[in-house]
Amino acid sequence: MTRRLYLLLPLLLAVTAEISLTKFSAGAIGVNWGTEASHPLPPSKVVELLKSNGIAKVKLSDADPKVLRALSGSNIGVTVGIPNSMIKSLNASRKVAESWVHDNVTRYFDGGNRVRIEYVAVGDEPFLQSYGNQYRPFVIGAAMNIHNALAKASLASEVKVVVPSSFDSFLSESGRPSSGRFRADLNKTMIELLSFLTRHHSPFFVTISPFISFHQNKNISLDFSLFKETAKAHKDGRKAYRNSFDLSYNTLVTALSSIGFPDVDIVVSRIGWPTDGAANATSTTAEAFLKGLMGHLEKKTGSSPRFPVETYIENLLDEDKRNVSSGSFERHWGVFTFDGQAKYSFSFNHNAKKLVNAQNVQYLTPKWCVVNNNKDLSNASTKALEACSLSDCTSILPGGSCSGIGWPRNVSYAFNSLYQQSDHKAESCDFGGLGLITTVDPSEDKCRFWIQLDTSHSSPHIPIFFLSLSLLLLFLLS
């Protein structure tokens with residue numbers, strides 16, 4: 001008997017550890033892992049980062065084979081993403097859907113080192129209002145074809161098809177949750193989507209964004225957004241809402257009930273607070289928000305009739321190639337910096353008091369590119385514009401952590417951004433003779449001049465979005 005218990009002990013410990021990592025009293029906590037970075041942290045390092053911080057669920061924006069191979073055998077629950085660009089073709093052809101499922105799902109269920117794929121997310125918030133009808137008419141058909149392809153592969157019971165909905169897919173004109181509804185242009189689509197989800201026992205994936213609500217709604221205070229007990233409550237009849245999360249979440253619950261789906265499981269597929277690129281986007285506020293959110297979900301207190309079954313924090317890492325059309329903050333959602341270093345004190349589970357950084361990260365040699373103050377700098381701002389059109393300069397824009405360093409140090413920041421982006425190629429620090437390579441770190445206070453990662457597998461940088469040149473020029477020349 002004693003020997004049998006001894007042999008079972010490792011298994012019991014493993015099961016206990018798994019439960020402690022994946023279960024929160026209000027559902028599992030995971031993270032979003034995006035790959036829109038010029039120099040991504042190697043996937044194997046990211047998986048180590050996930051495991052060392054007790055993160056047992058991850059939502060991917062795509063189905064990168066390198067990422068999925070790194071996740072094999074990890075026992076981390078995975079949501080695989082399908083980009084919006086594929087929705088039309090998946091809607092039009094079952095063959096395309098079957099091919100996608102074979103290449104990105106089925107192959108990872110074979111063998112001993114399988115990937116624990118739990119969901120396939122069709123699109124990346126395809127109902128975002130700014131997209132108009134670009135994707136909406138094709139989403140349900142694409143989801144059905146993916147489900148049928150999974151069923152054909154005998155995986156439909158293990159892998160559920162979901163469609164992540166955006167924060168602006170639901171609203172309340174009065175600001176009261178009891179008046180919550182879906183956008184009028186989405187009502188029919190939402191009924192179709194929720195009928196599909198209910199039929200196949202899939203949850204409703206949705207973004208909740210207290211940060212954007214704070215910036216867009218003058219009636220929502222920072223304290224209300226950060227779960228502060230001193231925040232003034234928002235009244236809705238007999239109910240009093242004491243934080244922005246509950247206000248938005250219950251607006252969604254009402255919207256779901258209004259079209260006949262009061263009991264569908266809800267997954268908050270994206271929620272977080274950025275640390276740069278906007279007013280009140282700092283490490284301090286991000287820490288306060290996430291600690292408040294985790295405490296709130298754990299206690300299950302507040303005005304919500306039911307809580308999400310899973311919640312995915314936005315984002316694991318900063319990504320310097322994300323589209324910034326909605327704001328510079330889009331590149332600074334990470335709980336960790338691009339190189340896997342914690343930005344603040346926080347923990348994803350009860351077994352640790354703080355985050356664990358990525359280990360043995362490989363950087364380029366410690367060199368920076370700065371403006372040569374001994375040269376004629378009359379053309380420096382123009383050269384800075386050129387640098388920023390090809391690299392990430394969001395931190396020197398208004399509201400950014402480096403916005404106060406002034407001219408010409410902001411020109412140096414721009415020069416260095418392109419120099420790091422270009423893997424220290426000497427010509428990338430020329431700028432018509434205005435650049436100077438130095439081994440003296442030009443960082444100051446809270447403005448860090450980064451050294452980029454040394455990654456042999458990073459692809460050449462092709463900008464996916466150019467910064468507003470007029471805004472940057474106005475800022476640099478002021």
Side-chain angles (χ1 to χ4, degrees), residues 37-41 275-277 281-283 318-321 324 328-329 331-332 334 337-339 341 343 361-455 458 460-463 465-478:
S38 62
H39 292 62
L41 196 64
T275 58
D276 206 343
T282 66
S283 295
D318 284 344
E319 299 170 66
D320 64 355
K321 288 175 63 179
V324 292
S328 299
F329 59 85
R331 294 180 176 173
H332 303 279
T337 51
F338 69 97
D339 52 351
Q341 308 305 299
K343 294 181 182 179
V361 178
Q362 300 299 309
Y363 297 90
L364 297 172
T365 54
K367 294 189 296 183
W368 297 262
C369 177
V370 297
V371 68
N372 189 339
N373 289 312
N374 294 321
K375 300 286 186 175
D376 176 8
L377 301 184
S378 58
N379 198 35
S381 294
T382 300
K383 294 298 182 182
L385 280 173
E386 295 174 5
C388 288
S389 69
L390 297 169
S391 60
D392 179 30
C393 291
T394 52
S395 291
I396 61 173
L397 291 173
S401 58
C402 297
S403 61
I405 60 176
W407 189 92
R409 287 186 59 74
N410 48 16
V411 176
S412 288
Y413 189 97
F415 284 8
N416 186 63
S417 292
L418 182 59
Y419 181 61
Q420 303 298 333
Q421 183 77 67
S422 305
D423 297 312
H424 289 185
K425 290 183 176 64
E427 60 268 25
S428 68
C429 189
D430 183 31
F431 299 107
L434 298 182
L436 175 69
I437 296 174
T438 179
T439 57
V440 179
D441 187 352
S443 302
E444 62 175 60
D445 297 329
K446 295 182 179 180
C447 179
R448 182 174 173 185
F449 283 58
W450 298 97
I451 293 287
Q452 193 50 270
L453 298 179
D454 182 3
T455 55
S458 62
H461 176 57
I462 301 174
F465 186 86
F466 288 85
L467 295 175
S468 169
L469 297 187
S470 58
L471 175 62
L472 187 58
L473 181 61
L474 176 66
F475 176 69
L476 289 173
L477 298 181
S478 61

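Position 1 is the first residue of the sequence, and the numbers go up from there. Everything numeric here is computed off the predicted structure, so don't read it as measured data.
Ser422 is linked by a side-chain hydrogen bond (donor to acceptor under 3.5 Å, both in side chains) to nothing, counting only residues two or more places apart in sequence or in another chain. With sequence neighbours left out, Gln341 forms a side chain to side chain contact (heavy atoms under 4.5 Å, CB included) with Thr337, Asp339, Asn357, Ala358, Val361, Tyr363. For Ser395, the side chain to side chain contact (heavy atoms under 4.5 Å, CB included) partners are Asp276, His332, Ser401, Cys402, Tyr413, not counting sequence neighbours. Evaluation of the ring-ring contact (aromatic ring centres under 6.0 Å, His included) rule for Tyr419 yields His424 as partners, not counting sequence neighbours. Take Asp318 and apply the salt bridge (Lys or Arg N to Asp or Glu O under 4.0 Å) test, not counting sequence neighbours, and it matches Lys343.
The minimum heavy-atom distance linking Thr455 with Pro40 is given by the pair CG2-O, 3.4 Å. His39 approaches Gln421 most closely through the heavy-atom pair CE1-O, 3.2 Å. Here the closest heavy-atom approach between residue Ser391 and residue Arg331 is recorded as O-NH1, 4.2 Å. Annotation for Ser328 and Leu397: closest pair OG-CD1, 3.3 Å, computed over non-hydrogen atoms.
For residues 405-434, the set of pairs meeting the disulfide bond (SG atoms under 2.5 Å apart) definition, not counting sequence neighbours, comprises Cys369-Cys429. Legend: salt bridge (charged side-chain N to carboxylate O under 4.0 Å, His left out) pairs involving residues 404-415, not counting sequence neighbours, sorted by first then second residue: Arg409-Glu444. Listed by first and then second residue, the side-chain hydrogen bond (donor to acceptor under 3.5 Å, both in side chains) pairs that reach into residues 364-375 come to none, sequence neighbours excluded.
Of the possible donor and acceptor atoms, one in the side chain of Ser417 sits under 3.5 Å from a partner among the backbone N and O of Asp392. With hydrogens and angles disregarded, no donor-acceptor distance shorter than 3.5 Å links the side chain of Asp454 to the backbone of Gln362. Checked by atom type and distance alone, the side chain of Gln420 pairs as donor or acceptor with a backbone atom of Gln452 at under 3.5 Å.
Side-chain contact between Trp407 and Ser381 is present, with at least one heavy-atom pair separated by less than 4.5 Å. Looking only at side-chain heavy atoms (C-beta outward), Phe415 and Lys383 come within less than 4.5 Å of each other.
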Give every donor-acceptor pair under 3.5 Å between a side-chain atom in residues 430-442 and any protein atom, sequence neighbours left out.
from   : atom 1 : to     : atom 2 : distance (Å)
Asp430 : OD1    : Gly433 : N      : 3.2
Thr438 : OG1    : Val440 : N      : 3.0
Asp441 : OD1    : Ser443 : N      : 2.9
Asp441 : OD1    : Ser443 : OG     : 2.7

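Interatomic distance, Asn416 CG to Arg448 CZ, rounded to the nearest 0.5 Å: 11.0 Å. Rounding to the nearest 0.5 Å places NZ of Lys425 at 10.5 Å from CG of Leu418.
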(message) Could you go through Thr394 and Val324, starting from their C-alpha distance and side-chain angles, then the distance that decides it, and tell me whether this counts as side chain to side chain contact (heavy atoms under 4.5 Å, CB included)?
(response) CA-CA 9 Å; Thr394 52; Val324 292; 4.2 Å; yes
